[in-house]
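Okay, so here's the structure we're looking at.
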2 protein chains.
Amino acid sequence: MTRPRTAPRSVHHPDLDAVALRQVLEALADPVRLALVSQLARSEGHISCGGFDVPVAASTLTHHCNVLREAGLIRQYYVGTVKRNALRAEEMEARFPGLLAALLAAATVESPAVAA
Amino acid sequence: MTRPRTAPRSVHHPDLDAVALRQVLEALADPVRLALVSQLARSEGHISCGGFDVPVAASTLTHHCNVLREAGLIRQYYVGTVKRNALRAEEMEARFPGLLAALLAAATVESPAVAA
DNA sequence: CCGGAGCTTCGACCGCCGTCGTACCATGGA
DNA sequence: TCCATGGTACGACGGCGGTCGAAGCTCCGG
């Protein structure tokens with residue numbers, strides 16, 4: 001994974017056509033990851049990895065972000081040393097129509113704005 | 001778990017309001033269980049436990065059915081020695097609007113009628 | 001050039017979940 | 001009454017996934 005010293009940091013984002021439904025479900029079945037996606041959906045902008053409100057260590061958070069990214073749910077990009085996250089909502093809508101919307105709505109029903 | 005010798009066999013079905021989204025997602029994240037629900041959705045009628053087309057042992061199948069039932073996704077009832085399964089589609093729709101429909105649609109998109 | 005903030009990588013640990021085989025129970029029919 | 005059928009209960013096992021801490025890397029600011 002070593003990369004030429006001068007290349008910019010980049011991340012791999014799967015084509016959504018290559019993402020299996022099972023991946024998405026497994027990704028969202030974890031409460032931490034569901035919380036990440038929920039927070040991302042609620043806040044208009046893009047949230048940095050450190051900006052999430054979840055009770056896990058940094059390394060664990062990285063892991064969860066990777067899972068979400070591989071499941072095609074989020075897009076990540078670097079801004080300086082900070083890594084920002086964005087929902088791939090429209091692409092998901094194209095791949096699995098109505099799914100993400102229903103999931104987010106369902107999540108909201110359960111925890112009605114736990115936002116501090 | 002012994003029950004009076006004359007009582008009919010019955011099963012516990014959770015109130016859907018008591019079912020967490022996470023339970024539903026975990027239930028459906030397993031490929032076998034997703035297959036069960038898909039087959040149930042495709043075939044109009046109610047399928048018996050032995051009638052499913054999945055490559056697992058009988059005891060494993062029982063386990064999966066229990067998980068789906070506890071997640072509020074299916075309703076089970078005995079007819080003689082046979083146990084029938086039915087989707088709780090309408091109740092799920094009331095609890096998590098659009099969710100099950102989107103999931104089933106997504107599952108169909110992926111495996112377009114693998115029905116033999 | 002140096003430090004610190006932010007994330008990642010790695011290795012380890014542990015608990016949970018899917019799987020099975022075996023033994024068993026309930027029901028209906030011969 | 002006995003058997004066959006259909007499911008269940010239980011225990012065991014294996015693997016995977018979530019978790020962490022420590023060490024390291026990258027980029028910006030000073």
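Here is the naming used below: chain letters follow the sequence lines, and residue numbers restart at 1 for every chain. In this text, all values refer to a predicted model and were calculated from it rather than measured experimentally.
- Annotation: of the two residues near DNA chain D, B:Asn66 and A:Val32, the 5′-most nearest-nucleotide partner is B:Asn66.
- One donor-acceptor pair, N or O on each side, does fall under 3.5 Å between the base of D:dG21 and the side chain of A:Ser59.
- Considering only the side chain of B:Tyr78, D:dG7 comes nearest among D:dG6, D:dG7, C:dT8.
- The CG atom of B:Leu28 sits 16 Å away from the C1' atom of C:dC17 (whole-angstrom rounding).
- Checking C:dC7, C:dT19, D:dG18 against every side-chain atom of A:Lys83, the shortest atom distance belongs to C:dC7.
- Evaluation of atom-type donor-acceptor distances gives no pair under 3.5 Å for the side chain of B:Thr62 against the base of D:dG7.
- Nearest nucleotide to the A:Val56 side chain, out of D:dC20, C:dC20, C:dC7: D:dC20.
- B:His64 comes within 4.0 angstrom of sugar-phosphate atoms only, judged by non-hydrogen atoms across all strands, and of no base.
- Rounded to a whole Å, the OH atom of B:Tyr77 is 17 Å from the P atom of D:dG6.
- Counting only distance, with no hydrogens or angles, the side chain of B:Asn85 and the backbone of B:Ile47 share a donor-acceptor pair below 3.5 Å.
- Per the geometry, CD belonging to A:Gln76 stands 11 Å off C1' belonging to C:dT8, to the nearest Å.
- You'll find the side chain of A:Thr108 reaches within 4.5 Å of the side chain of A:Arg42, heavy atoms only.
- Atoms CZ (B:Arg33) and C1' (C:dT19) sit 12 Å apart, rounded to a whole Å.
- Distance NE2 (B:His12) to P (D:dT8): 16 Å, rounded to an integer number of Å.
- Between A:Leu103 and A:Leu34 there is no side-chain heavy-atom pair separated by less than 4.5 Å.
- For B:Leu36 and C:dT19, the CG to P distance is 10 Å, given to the nearest whole Å.
- At whole-Å resolution of the value, CD in B:Glu70 and P in D:dT8 are 13 Å apart.
- In this structure, A:Val67 reaches neither bases nor backbone, as no heavy-atom distance under 4.0 Å exists between it and the strands shown.
- Between the CD atom of A:Gln23 and the P atom of D:dC16 there is a distance of 16 Å, rounded to whole Å.
- A salt bridge links B:Glu26 and B:Arg22; the closest N-O separation between the charged side-chain nitrogens and carboxylate oxygens is under 4.0 Å.
- Across all strands, A:Arg84 comes closer than 4.0 Å to no nucleic acid atom at all (heavy-atom distances).
- For A:Gln39 (side chain) and A:Asp53 (main-chain N/O), a donor-acceptor pair under 3.5 Å exists by modelled atom type.
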